Amino acid sequence: QAQLVESGGGLVQAGDSLRLTCTMSGRIGRDVAMGWFRQAPGKEREFVASISWRGGSSLYADPVKGRFTISRDIVRPILFLQMNRLQTEDTAVYYCALQPVMTLRPTPSDFDSWGQGTQVTVLS
């Protein structure tokens with residue numbers, strides 16, 4: 001099973017940028033997808049973005065389209081989430097996760113390995 005560790009979170013002002021990183025170790029299949037989720041206080045965990053590990057095709061939740069970019073480095077292997085034009089609504093704990101098979105409407109139950117999360121706080 002893969003081990004995932006997120007980093008890169010922090011405290012920023014609205015309009016700023018952050019890049020989250022998820023380092024991976026252990027067995028990672030070639031046909032998996034990797035995703036980012038977030039969870040704000042008192043809210044359910046929600047999908048942010050996912051990427052096919054081999055092909056690189058990606059999906060985004062509507063609130064982050066045009067602002068966030070998911071990418072991966074297959075060699076190292078590392079997953080990234082570039083977050084631009086951050087808004088206060090983006091404040092949450094961000095998690096990376098591994099999905100055995102990429103789906104078009106990802107939910108948390110589709111993913112079977114999770115990191116511990118990294119806090120992103122956006123101030124107005």
Side-chain angles (χ1 to χ4, degrees):
Q1 191 171 9
Q3 291 78 48
L4 312 176
V5 179
E6 304 93 337
S7 61
L11 182 68
V12 297
Q13 297 289 328
D16 287 350
S17 299
L18 275 177
R19 187 176 79 159
L20 304 183
T21 298
C22 175
T23 56
M24 295 173 280
S25 60
R27 183 179 180 276
I28 302 171
R30 293 180 61 194
D31 294 322
V32 302
M34 297 298 302
W36 288 97
F37 284 76
R38 65 187 182 185
Q39 188 165 18
K43 295 187 177 181
E44 293 186 353
R45 191 167 297 189
E46 66 174 1
F47 171 74
V48 174
S50 64
I51 187 167
S52 167
W53 193 250
R54 178 165 57 172
S57 58
S58 57
L59 295 171
Y60 293 92
D62 286 343
V64 307
K65 281 181 180 177
R67 299 189 298 122
F68 291 11
T69 302
I70 189 171
S71 61
R72 86 274 191 243
D73 181 327
I74 295 176
V75 174
R76 288 195 275 177
I78 301 177
L79 179 71
F80 301 100
L81 184 69
Q82 177 66 43
M83 304 186 295
N84 297 330
R85 304 197 310 275
L86 282 161
Q87 304 168 356
T88 56
E89 296 78 14
D90 297 318
T91 295
V93 177
Y94 284 70
Y95 300 88
C96 68
L98 185 149
Q99 185 181 27
V101 178
M102 194 170 187
T103 57
L104 294 179
R105 295 184 178 183
T107 65
S109 62
D110 296 329
F111 293 73
D112 59 11
S113 296
W114 293 83
Q116 83 290 347
T118 184
Q119 177 71 47
V120 172
T121 303
V122 184
L123 303 177
S124 59

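Quantities reported herein were computed from a predicted structural model and do not represent experimental measurements.
To the nearest 0.5 angstrom, Gln99 atom CD is 6.0 Å from Ser50 atom OG. The CG atom of Leu98 lies 9.0 Å from the CH2 atom of Trp53; values are rounded to the nearest 0.5 Å. For the atom pair Arg72 CZ and Cys96 SG, the distance stands at 15.5 Å (nearest 0.5 Å). Note: Thr107 OG1 to Glu44 CD = 11.0 Å, rounded to the nearest 0.5 Å. Rounding to the nearest 0.5 Å gives a distance of 12.0 Å between CD of Gln87 and OG of Ser124. In this structure, OG on Ser109 lies 12.0 Å from CZ on Arg45, to the nearest 0.5 angstrom.
In terms of heavy atoms, Ser52 sits closest to Gly55 at OG-N, 3.3 Å. The two residues Gln82 and Ser17 make their nearest non-hydrogen contact at NE2-CB, 3.9 Å. Of all heavy-atom pairs spanning Tyr60 and Ser58, the tightest one is CE1-OG, 3.5 Å. The two atoms that bring Asp112 and Pro100 nearest to each other are OD2-CG, 3.2 Å, heavy atoms only.
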| said: What verdict does the side-chain contact (heavy atoms from CB on, under 4.5 Å) test give for Leu20 and Val120, after you've listed the backbone C-alpha separation in whole Å, the side-chain angles of each residue and the deciding distance to 0.1 Å? | reply: CA-CA 9 Å; Leu20 304 183; Val120 172; 4.0 Å; yes
| task | Would you sort out whether Met34 and Leu4 count as a side-chain contact (heavy atoms from CB on, under 4.5 Å), showing the intermediate values? | result | CA-CA 10 Å; Met34 297 298 302; Leu4 312 176; 4.1 Å; yes
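Shown here are the side-chain contact (heavy atoms from CB on, under 4.5 Å) partners of Val12, two or more places apart in sequence or in another chain: Asp16, Leu18, Leu86, Val122. Residues passing the side chain to side chain donor-acceptor pair (under 3.5 Å) test with Ser25 are Gln3, sequence neighbours excluded.
Gln116 CD: more than 12 foreign heavy atoms inside a 6.0 Å radius.
Chaining together hydrophobic side chains whose heavy atoms lie under 4.5 Å apart places Trp114 alongside Phe37, Phe47, Leu59, Val93, Tyr95, Met102, Phe111. The other residues sharing a hydrophobic cluster with Ile78 are Phe80, where clustering joins ILVMFWY side chains under 4.5 Å apart. Through chains of ILVMFWY side-chain contacts below 4.5 Å, Leu11 is grouped with Leu123.
Within the structure, the salt bridge (charged side-chain N to carboxylate O under 4.0 Å, His left out) test picks out the following pairs touching residues 76-97 (sequence neighbours left out): Arg38-Asp90, Arg67-Asp90, Asp73-Arg76.
Between Ser7 and Thr23 there is no side-chain heavy-atom pair separated by less than 4.5 Å.
Hydrophobic clustering (side-chain heavy atoms under 4.5 Å, transitive across Ile, Leu, Val, Met, Phe, Trp, Tyr) groups Val32 together with Ile74.
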